[in-house]
Amino acid sequence: MPVSRIPPDSERLVPPNFITEIIDEDLRSGKYDEIVTRFPPEPNGFPHIGHAIASFIDCGIARDYRGRCHLRMDDTNPLTEEMRYVEAIKRDMAWLGWDWGEHFYFASDYYERLYEMAEQLIKEGKAYVDSLSEEEIRAYRGTVEKPGRPSPYRERSVEENLDLFRRMAAGEFEEGAHVLRAKIDMSAPNMKLRDPILYRILRAEHYRTGDRWKVYPMYDFAHPLSDYIEGVTHSLCSSEFIDNRAVYDWLVENLAGKCGLPEWPRPKQIEFGRRSLEYTVVSKRKLIQLVERGLVDGWDDPRLPTLAGLRRRGVRPQALIAFARKVGISRTDRTVDIALLEWAVRDDLNPIAPRVMAVTEPLKLVLSNYPEGKLEELEAPYFPPDVGRPGSRKVPFGRELWVERSDFALEPPKGWKRLTVGGHSRLRHAYVVRIDEAVTNDAGEVVELRGVYLPDTLGKNPEGVRVKGAVHWVAAAGALSAEFRLYDRLFKVPFPDAGEGSFLDHYNPDSLKVLQGYVEPSVAADDPETRYQFERLGYFWRDPELGRGEKPVFNRIITLKDTWKKPKAQKQEARPTAKVGKRAGPEDKVAALAPEAREVYERCRHLGVGEAEALQIARDERLRTYLEDCSAYGPPALAAPWVVHVLGKAIRAGEAKVGPQALMALLAELEKGAFDRRVAKQALEEALARGGDPLELARARAADRLSAEALAELVREVLAAHPDELAAYRAGKRGLMGFFVGRVMRASGGRADPKQVQSVLSQQLDRGSA
RNA sequence: UGGGGCGUCGUCUAAGGGUAGGACAGCGGUCUUUGGAACCGCCGGUCGUGGUUCGAAUCCACGCGCCCCAGCCA
């Protein structure tokens, strides 16, 4: 039997997080031997970047633990699912690098077994056929604020339910005539528990099972049981399913050990926070609108966040994995800064993309002192020194060249480091040139540049001239015509969904720019898959659909980072929500108290109980009763903080394992100085957790305390072990006291009194600083 | 105004009673035949209020804010 193991942090693909902590604990305790997860998309659309993140969590964690991650099509709705989506999902998941081995499944493969399980529930009286109409079911369910009412069909006999359900499955009824529901609790505050529907009649053609089935299981039924069937241990999903977990657990518990399901391992669901991305949308509904309105080119349009789009754009799966890693996992729903994705893409491409030159908006430059008809071949390395990869190619150089229109300015702004009349600039990998004239047309537009080259500047700078910048170029002779498709963010604002109006209002019409220009001839011989860096422009590759023919078409994968751009356009749109906690009304909390509570408050205050504690006691009857009981054994003022802060939660929950008498006995001894507060608190917490007499526990702990000599020695050791912090403290960084106390406490194994530690510490610290 | 979940630099994420740290972004610098990369530095945060504690992002209380649930969708 294969066994999972806890990976060292250094070997993890998925950074440690709250889920891996749970898994670590499950492995340590022996609850599970092998970690099995699953990635369960519904085949009703094309996978997108959200799927990349979710699969990273499911598959990445399984990989880290040497477990398995199944790929399962969650296909329980024949109305929306199609085989082409199944193929797309398999293709895209494989592209991301996930390997599910033979563990590729369909929920629809389990229809037979799921049906048996449904009958089992019926036989046990835990499920019933409801014959209410859809509207009636809705009405009976109640609302979030009002409990539901039981359906008149809820108490049908097992026999009748079984008969009805079998006839439903046999196709005797029309859609909507009946449904199968779990009998749980129609008045549950959790809406999901109000007798969730397990099966519905659908007279639809299923893309795999055809017309074999007339009833189809709902997600809430099929999902947990599919997990169970497959031996999934940790069923990871996003936070909107938190409420569904109650149904999940209900089904697992009620079917454990039945219908061929083992008693163990049982699956458990863990939810993580959803991630969304700025400047884009992923919902199928919205994507369809973009496609159907022709705002994008199809499901694989390079501007789309679909994996097909990202792939066509030229993004590599490694970049997506790196992105997912950086985003991380937590319980909180988050919207990720698009800059993080852009960084991941650049960081992936920088070390592998050969540098070549292309001109996307050509402006002719004629070098009047360069012989007509002459053509040189200049050697140019593919990579800059910092990348450190070998390789170079020949680049033709001649009298007529193309340069980037935006690299020339008639009236250069200050700080300009490019071409300008009278200025010198380097042609990348070639000569230094001086521009003498800008030829303009009637409209005043620059149509051609004229200048000279400085012959002795190959590999060295001329003396006495300031060379401003280095610009890319392509010799007119030999240049390859090419199309460049420059992609930008699909939307103009970071949160297209937020605010009034449609997300379509925020569509960025400049998200695609198609330019005709030139690229150096060397690329003709390259592998068409090559991702290039066109120097100073960005990362590009040939579009796999349009760009691999006679005339290359290049997609810009991502621009280079541009630190020249002056004040960057700020985010126009604030986050959709402002999260400013408003100040709560202060003393009127007391005023808001009911008269009786108010009286309790006053009485407590009179007895010397602090304001905050008195308020809490006045507000909670159980606390009040407890404290009153305490007063039989000692002063309430002494007990109040402990009752409120240490015992409060347990008392409110009605499960305080420490009674008033035991508490007061402990506090009395504490007052006498038999032990310190820390000991008392720890003893109390222990008694609360595991039972026992807090006073005895405290005495045991006190007896275990370090002697004064041992403590002094320990402090010396700790100070010696942290010379840097010691120096910093003596230089005035007083906040380090907490640091030292913490270290000593840890070193003592909790067997020291922090107050005492502090005094010993300050003695030793001050002695050294004198 | 039912139940549930969640609040840490601009963004994402660590710290689980003991120096609030990292990354992305931003800013500045070094270097540069890419205004790239690399390197160095800076900036900047615990939702609020009170309490417990030697010490609170962490524990307690009360607020505030956001998200999810009333599909025979998943």
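Everything numeric in this text was worked out from a predicted model, so none of it was measured. Chain naming here is simple, since letters A, B, ... match the order of the sequence lines and numbering starts at 1 in each.
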Go through the N and O atoms of the side chain of [X] and the base of [N], and report whether any donor-acceptor pair is under 3.5 Å.
X        : N      : result
A/Glu278 : B/rU11 : no
A/Asp333 : B/rG5  : no
A/Arg355 : B/rU34 : yes
A/Arg346 : B/rG36 : no
A/Asp562 : B/rG36 : no
A/Arg536 : B/rU34 : no

Rounding to an integer number of angstrom, what distance separates [N] and [M] when you compare their [atom1] atoms?
N      : M      : atom1 : result
B/rG28 : B/rC67 : P     : 36 Å
B/rA15 : B/rG21 : C1'   : 7 Å
B/rC12 : B/rU46 : P     : 15 Å
B/rG55 : B/rU19 : C1'   : 12 Å
B/rC9  : B/rU58 : P     : 14 Å
B/rC60 : B/rC66 : C1'   : 24 Å
B/rG41 : B/rC31 : C1'   : 15 Å
B/rA38 : B/rG44 : C1'   : 24 Å

What is the distance from [atom1] of [X] to [atom2] of [N], rounded to the nearest Å?
X        : N      : atom1 : atom2 : answer
A/Arg138 : B/rC72 : CZ    : P     : 7 Å
A/Phe56  : B/rC12 : CZ    : C1'   : 13 Å
A/Lys417 : B/rG35 : NZ    : P     : 7 Å
A/Leu193 : B/rA70 : CG    : C1'   : 14 Å

Is the glycosidic angle of B/rG71 within 90° of 0, making it syn, or outside that range, making it anti?
-> syn
Between [X] and [N], does any side-chain N or O lie under 4.0 Å from OP1 or OP2?
X        : N      : answer
A/Ser239 : B/rC67 : no
A/Arg274 : B/rC68 : no
A/Arg619 : B/rC62 : no
A/Arg331 : B/rG5  : no
A/Lys326 : B/rC24 : no
A/Arg200 : B/rC73 : yes
A/Arg275 : B/rU11 : no
A/Arg743 : B/rG55 : no

Please figure out whether A/Asp386 or A/Gln758 has its closest RNA chain B nucleotide nearer the 5' end.
-> A/Asp386
May I ask you to say what [X] touches in the nucleic acid, namely base, sugar-phosphate or nothing, with a heavy-atom cut-off under 4.0 Å?
X        : value
A/Glu21  : base
A/Arg677 : sugar-phosphate
A/Ile242 : sugar-phosphate
A/Asp243 : base
A/Lys146 : nothing
A/Asn244 : base
A/Ser187 : nothing
A/Tyr199 : nothing
A/Gly469 : nothing

So do A/Leu537 and A/Leu560 actually touch side chain to side chain, heavy atoms under 4.5 Å?
->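 Side chain of A/Leu560 against side chain of A/Leu537, heavy atoms only: no contact under 4.5 Å found.
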Counting only side-chain heavy atoms from C-beta out, which of [options] sits nearest to [X]?
X        : options                : result
A/Pro189 : B/rA37, B/rG2, B/rA70  : B/rG2
A/Trp343 : B/rG55, B/rC68, B/rC24 : B/rC24
A/Leu340 : B/rC24, B/rG3, B/rC60  : B/rC24
A/Ser330 : B/rC72, B/rA14, B/rG18 : B/rA14
A/Thr563 : B/rG18, B/rA70, B/rG36 : B/rG36
A/Gln533 : B/rC60, B/rU34, B/rC12 : B/rU34
A/Pro754 : B/rG18, B/rG36, B/rG2  : B/rG18
A/Arg426 : B/rC60, B/rU33, B/rA74 : B/rU33
A/Leu736 : B/rC54, B/rU19, B/rG2  : B/rU19
A/Glu613 : B/rC54, B/rG51, B/rA74 : B/rG51

Partner nucleotide, any strand, of [N] [Watson-Crick/G-U, under 3.5 Å]:
N      : result
B/rU30 : B/rA38
B/rC59 : B/rG51
B/rA23 : B/rU11
B/rG2  : B/rC69
B/rU46 : none

Taking the six-membered ring of A/Trp416, is the NZ or CZ of A/Arg418 close enough (under 6.0 Å from the centre) and on axis enough (within 45°)?
-> yes
Give a yes or no on whether the ring-centroid distance for A/Tyr532 and A/Phe540 is below 6.0 angstrom.
-> no
Above 12 or not: heavy atoms from other molecules or residues under 6.0 Å from NZ of A/Lys214?
->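 Buried by this count: over 12 neighbours within 6.0 Å.
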Do A/Arg181 side-chain atoms and A/Asp195 backbone N/O form a donor-acceptor pair below 3.5 Å?
->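 It does hold such a pair.
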So, A/His645 side chain and A/Trp642 main chain: donor-acceptor pair closer than 3.5 Å or not?
-> no
The residue among A/Asn77, A/Ile89, A/Asp75 that forms side-chain contact (heavy atoms from CB on, under 4.5 Å) with A/Glu42 is A/Asn77
According to the interplanar angle, ranging from 0 to 90°, do the rings of A/Phe739 and A/His722 count as parallel (below 30°), tilted (30 to 60°) or perpendicular (above 60°)?
->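 Because their plane-to-plane angle is over 60°, the rings of A/Phe739 and A/His722 count as perpendicular.
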So, for A/Ala752 and A/Leu711, which heavy atoms are closest and what is the spacing to 0.1 Å?
->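 In terms of heavy atoms, the two residues are closest at CB-CD1, 4.1 Å.
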Among A/Tyr219, A/Phe165, A/Trp213, which one satisfies ring pair (Phe, Tyr, Trp, His ring centres under 6.0 Å) with A/Tyr199?
-> A/Phe165
